[in-house]
Amino acid sequence: GSVALTVEDDDELSGDVDEDVDFDANDSFLMHLVALAGSDQQIDQSKGPTSLPAAEIRERITALLRHGDVDVDGDFDANDTFLSVMGYTLDEVVGQHHRMFVAEDERTSDQYAAFWRKLRSGEFQQAEFCRIAKDGTPRWITASYNPVFSSSGKLYKVIKFATDVTAAHTLLQDNELVRFTLDSTSSCVLVANEDHKVTYFNGAMSRLLTGLQSSFQTVSPGFSLGGLVGRQVSSIHPALSVATLQQATSRVPVDMEQSIGDTKVRIVVMPIINATGQRVGTIVKMADRTDEIAAEREMQSVVERANSGEL
């Protein structure tokens, strides 16, 4: 979750001071304005569409400036949410340099030195960063580092707002591994998201659909391989309706055979279930069984002729 900055009345703020839900450039500007002792009139002129009065905006920002900051020299203070994410206690981090959360090879890097140099010059920093928790495991965060100036115009602290995106980052890496694996298989595989829209298909599926595109168009006139990603799976074939996809379970997948022109295609539909048991997508496998079915029929014919004494 968000690394919120805790104020004295135990409410939590995400850094959004103008009530537009997210922390953005306008919030950062308002923070700088208050830190520089801007007037209520200046705040009203700069606050954007929010209905909050200048006094309340000033109160919010003042509370934020008192908590959750990284001093300009890198010494760290933190709130409970951040500590929970990183696995530290407050006593373990207060007064320590920010580098304690950075991988050893990054601490002495030119990139890390430039990161602090830009902050000291008052330059706002926002990106996805890898930070190291107490147990040595990586934690991926989307974070903004916001330089704050005193009333005399001196930079005296940097406030950091961050969201833990480790789970999403890990899932992305896992997805890349899955894609690599699927790209290497000869099976024709297509993946759809929870809204039943195509998100991926491998090379084998691409070749199958390309070779049978005109046949698929006889049952789905609007079908085209180009632009397939993002479209409903049913755009490939009406048999792949939302109802059909939802029928598939991990124990009992949907297994059907469709005649597409002169081609017999086997279609298997299986759900994608995450670690919590939630259905998050669908896998569709296809196979051209035309030659296989022809061979089966020929074999059946041979057996029947043998049984009738014709052979």
Side-chain angles (χ1 to χ4, degrees), residues 1-4 12 14-16 20-23 80-87 127-143 161-185 187-206 208-209 220 223 227-256 258 265-287:
S2 297
V3 179
E12 289 190 337
S14 65
D16 170 42
D20 63 356
V21 181
D22 56 357
F23 180 82
D80 292 339
T81 311
F82 182 82
L83 293 172
S84 176
V85 170
M86 302 305 291
E128 185 175 285
F129 302 92
C130 181
R131 297 294 180 243
I132 306 301
K134 182 180 180 179
D135 62 5
T137 58
R139 293 288 188 273
W140 289 90
I141 59 172
T142 297
F161 301 97
T163 300
D164 180 11
V165 294
T166 303
H169 193 276
T170 301
L171 180 60
L172 178 62
Q173 289 183 317
D174 290 345
N175 285 344
E176 288 301 317
L177 178 60
V178 170
R179 286 190 176 206
F180 176 79
T181 303
L182 292 178
D183 279 337
S184 303
T185 183
S187 298
C188 303
V189 180
L190 175 149
V191 179
N193 62 18
E194 57 187 351
D195 296 321
H196 315 297
K197 293 182 179 180
V198 178
T199 59
Y200 164 84
F201 52 90
N202 68 357
M205 179 67 83
S206 176
L208 175 69
L209 295 178
S220 299
F223 170 73
L228 180 58
V229 171
R231 299 185 65 183
Q232 291 286 328
V233 179
S234 58
S235 68
I236 301 173
H237 194 284
L240 292 170
S241 64
V242 170
T244 299
L245 300 186
Q246 291 177 337
Q247 285 176 10
T249 68
S250 54
R251 291 186 176 182
V252 185
V254 171
D255 192 339
M256 56 186 169
Q258 296 290 323
V265 177
R266 182 187 181 191
I267 302 175
V268 179
V269 180
M270 299 172 289
I272 301 173
I273 308 296
N274 66 12
T276 63
Q278 179 184 5
R279 183 173 186 149
V280 295
T282 302
I283 291 178
V284 178
K285 296 179 66 176
M286 294 188 187

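Computed from heavy atoms alone, side chains included, the values below leave out hydrogens, waters and symmetry copies.
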Which atoms form the tightest heavy-atom contact between G87 and K134, and what is the distance?
->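 Looking at all heavy atoms of both residues, the shortest contact is O-CD, 3.2 Å.
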
Set of residues satisfying side chain to side chain donor-acceptor pair (under 3.5 Å) with respect to S234, sequence neighbours excluded |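 For S234, no residue satisfies side chain to side chain donor-acceptor pair (under 3.5 Å) once neighbours in sequence are set aside.
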
Of all residues at least two apart in sequence or in a different chain, which pass the side chain to side chain donor-acceptor pair (under 3.5 Å) check with D195?
->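 Per chain and number, D195 pairs via side chain to side chain donor-acceptor pair (under 3.5 Å) with no residue.
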
Taking only residues two or more places apart in sequence or in another chain, which ones pass side chain to side chain contact (heavy atoms under 4.5 Å, CB included) with E194?
->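 Here the qualifying residues are Q278.
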
Sequence neighbours left out, what passes salt bridge (charged side-chain N to carboxylate O under 4.0 Å, His left out) with R131? Give chain and number order.
->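 Partners of R131 by the salt bridge (charged side-chain N to carboxylate O under 4.0 Å, His left out) criterion, ordered by chain and then number, come out as E106.
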
Derivation and outcome, side chain to side chain contact (heavy atoms under 4.5 Å, CB included), residues F201 and V284 = CA-CA 9 Å; F201 52 90; V284 178; over 6 Å; no

What is the minimum heavy-atom distance between L245 and H196, and which atoms define it?
->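 Where L245 meets H196 most closely, the heavy atoms are CD1-ND1, 3.7 Å.
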
Can you name the nearest heavy-atom pair linking R279 to Q246, along with the distance?
->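 Closest approach of R279 to Q246: NH1-O, 3.7 Å.
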
Return the minimal non-hydrogen interatomic distance between V254 and Q247, and the atom names on each side.
->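 So the minimum-distance heavy-atom pair works out to CG2-CB, 4.0 Å.
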
What residues form a side chain to side chain donor-acceptor pair (under 3.5 Å) with K197, not counting sequence neighbours?
->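 K197: no side chain to side chain donor-acceptor pair (under 3.5 Å) contacts found.
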
Listed partners of F129 passing ring-ring contact (aromatic ring centres under 6.0 Å, His included), at least two apart |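 With sequence neighbours excluded, F129 shows a ring-ring contact (aromatic ring centres under 6.0 Å, His included) to F115, Y145, given in chain and number order.
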
Could you check V198 against R231 for side chain to side chain contact (heavy atoms under 4.5 Å, CB included), going step by step and ending with a plain yes or no?
-> CA-CA 6 Å; V198 178; R231 299 185 65 183; 5.6 Å; no

Just jot down the side chain to side chain donor-acceptor pair (under 3.5 Å) partners of D255, sequence neighbours excluded, or say none.
->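 D255: side chain to side chain donor-acceptor pair (under 3.5 Å) contacts with R266.
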
side-chain contact (heavy atoms from CB on, under 4.5 Å) partner of V233, chosen from L190, V269, V242 |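 Output: one option passes, namely L190.
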
Please report the shortest heavy-atom distance between M286 and V265, naming the atom on each side.
->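 Heavy atoms only, the tightest pair is CB-CG1, 4.1 Å.
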
Looking at residues at least two apart in the chain, or sitting in another chain, which of them share a side chain to side chain contact (heavy atoms under 4.5 Å, CB included) with Q258?
->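 Per chain and number, Q258 pairs via side chain to side chain contact (heavy atoms under 4.5 Å, CB included) with H237, A239, M256, I260, I267.
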
Okay, side chain of S220, backbone of I236: is any donor-acceptor separation there less than 3.5 Å?
->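 Yes; judged by distance alone, with no hydrogens or angles, the pair exists.
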
Work out which heavy atom in M205 is nearest to a heavy atom in C188; give both atom names and the distance.
->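 Looking at all heavy atoms of both residues, the shortest contact is CE-O, 3.5 Å.
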
